[in-house]
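To keep things clear, I will list the structure first and then write my remarks on it.
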Amino acid sequence: AQTVQWFRKALAGLPYRIHKPEGAIFLWLWFEGLPISSQELYQRLKQRGVLVVPGHNFFVGIDEWAHKHECLRVSYAQDADVVHRGVELIAREVRLAYES
């Protein structure tokens, strides 16, 4: 998918993984060792006009697992230009989080 290629380019050099999309309209991004929670990343992205879903919302009842705070669910069911801009903004915020 084009969105996966955009993320691979934008996130180059960062510790991330993308779950295989398998025909869905969203991607799961995992930022291993993310120094902020996915909720904090969500808040930062929301301020930039990018809406994602923090991973902890999908791991209800699983308390002691850092992974749930390192994941985002990102929809790519929009105009390609909007999605590409969102990918760039996500990558910028993630990079800032790892660098701080």
Side-chain angles (χ1 to χ4, degrees):
Q2 178 65 60
T3 306
V4 172
Q5 292 174 1
W6 288 333
F7 270 119
R8 285 183 180 147
K9 182 178 179 186
L11 297 171
L14 293 174
Y16 78 94
R17 292 186 184 174
I18 300 173
H19 191 275
K20 186 177 177 181
E22 299 182 314
I25 59 169
F26 59 84
L27 294 174
W28 277 102
L29 303 175
W30 174 28
F31 301 104
E32 190 170 4
L34 185 65
I36 61 174
S37 69
S38 60
Q39 180 66 33
E40 174 67 21
L41 182 55
Y42 159 78
Q43 293 293 340
R44 292 181 185 189
L45 290 167
K46 184 178 174 185
Q47 290 176 353
R48 293 184 172 272
V50 178
L51 296 178
V52 297
V53 183
H56 72 273
N57 293 303
F58 298 93
F59 298 97
V60 177
I62 302 174
D63 296 326
E64 302 300 320
W65 194 31
H67 181 82
K68 74 179 193 175
H69 298 291
E70 300 171 337
C71 295
L72 291 180
R73 193 173 97 163
V74 178
S75 173
Y76 57 93
Q78 292 192 29
D79 180 72
D81 291 337
V82 172
V83 174
H84 193 208
R85 177 78 176 132
V87 167
E88 294 296 325
L89 289 168
I90 291 168
R92 184 177 305 147
E93 279 302 321
V94 169
R95 203 169 293 283
L96 285 171
Y98 278 108
E99 291 173 355
S100 61

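A quick note: this is a predicted structure, and the numbers were derived from the prediction, not measured.
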Non-hydrogen side-chain atoms of V4 and Y76 separated by less than 4.5 Å: no
Side chain to side chain contact (heavy atoms under 4.5 Å, CB included) between H69 and F31, worked out: CA-CA 9 Å; H69 298 291; F31 301 104; over 6 Å; no
So how far is it from L11 CG to R17 CZ, rounded to the nearest 0.5 Å? 14.0 Å
Working note: I18 + F7, criterion side chain to side chain contact (heavy atoms under 4.5 Å, CB included); need CA distance, chi angles, decisive distance, verdict. CA-CA 9 Å; I18 300 173; F7 270 119; 3.7 Å; yes
I need the minimum non-hydrogen distance between V87 and A10, along with the two atoms involved. CG1-CB, 4.0 Å
Test item: L51 and K46 side chains (from C-beta on) under 4.5 Å apart, heavy atoms: yes
Taking atom OG1 of T3 and atom NE2 of H84, what is their separation to the nearest 0.5 Å? 9.0 Å
Within the structure provided, determine whether W6 and R85 are in side-chain contact (heavy-atom separation under 4.5 Å). no
Would you indicate whether the side-chain heavy atoms of K9 and Q5 approach each other to under 4.5 Å? no
Within the structure provided, determine whether L72 and L45 are in side-chain contact (heavy-atom separation under 4.5 Å). yes
Quick one: CZ on R44 to CZ on R92, what's the gap to the nearest 0.5 Å? 14.0 Å
Measure the spacing between OG of S37 and CD of Q43 and express it to the nearest 0.5 Å. 9.0 Å
Consider only side-chain heavy atoms of I, L, V, M, F, W and Y, link residues closer than 4.5 Å, and tell whether V83 and L89 are in one cluster. yes
Looking only at heavy atoms, what is the nearest atom pair of E70 and W30, with distance? OE1-NE1, 2.8 Å
Can you tell if the side chain of R95 reaches within under 4.5 Å of the side chain of L14, non-hydrogen atoms only? yes
Y98 with L96, same ILVMFWY side-chain cluster at under 4.5 Å: no
On a heavy-atom basis, the closest approach of A97 and I36 is CB-CD1, 3.8 Å
